[in-house]
Amino acid sequence: MRMRRVLGLALAAATLAGMSAVGAVSAGAASSPNISRDDCAAAGGQIVVRPYAGEACALPDGTTPAIT
């Protein structure tokens with residue numbers, strides 16, 4: 001009985017840790033902002049066309065937010 005309880009607690013902890021990691025990745029992906037053409041030019045970026053994904057702004061810091 002005690003072994004079953006320990007295994008259950010270990011499984012619950014692993015599940016919560018996995019959900020936290022997925023939540024952090026999802027939050028990072030969702031926080032990627034879009035940028036307008038004017039803002040891209042003002043930030044020193046260059047507009048690039050991505051096949052099947054539309055236009056993006058290649059900024060000097062290496063990020064490529066989507067153009068809105």
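Values below: every heavy atom of this structure, side chains too, minus hydrogens, waters and symmetry copies.
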Please report the closest heavy-atom contact between [X] and [Y], naming both atoms and the distance.
| X | Y | answer |
| --- | --- | --- |
| Pro60 | Gly44 | CG-O, 3.6 Å |
| Pro33 | Pro65 | O-CB, 3.1 Å |
| Cys40 | Ile47 | SG-CG1, 4.0 Å |
| Thr64 | Ala56 | O-CB, 4.3 Å |

*Set of residues satisfying side chain to side chain donor-acceptor pair (under 3.5 Å) with respect to Thr63, sequence neighbours excluded*: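 With neighbours one apart ignored, the set is Asp61.
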*Name all residues meeting the side chain to side chain contact (heavy atoms under 4.5 Å, CB included) criterion together with Ala41; count only those two or more places apart in sequence or in a different chain, and write none if there are none.*
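Ala41 satisfies side chain to side chain contact (heavy atoms under 4.5 Å, CB included) with no other residue.
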*Atom CD1 in Ile35, atom CD1 in Ile67: separation rounded to 0.5 Å?*
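Result: 6.5 Å between the selected atoms.
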*Of all pairs that satisfy side chain to side chain donor-acceptor pair (under 3.5 Å), the ones with a partner from residues 36-47, not counting sequence neighbours*: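 Output for this query lists Ser36-Asp39, Arg37-Glu55.
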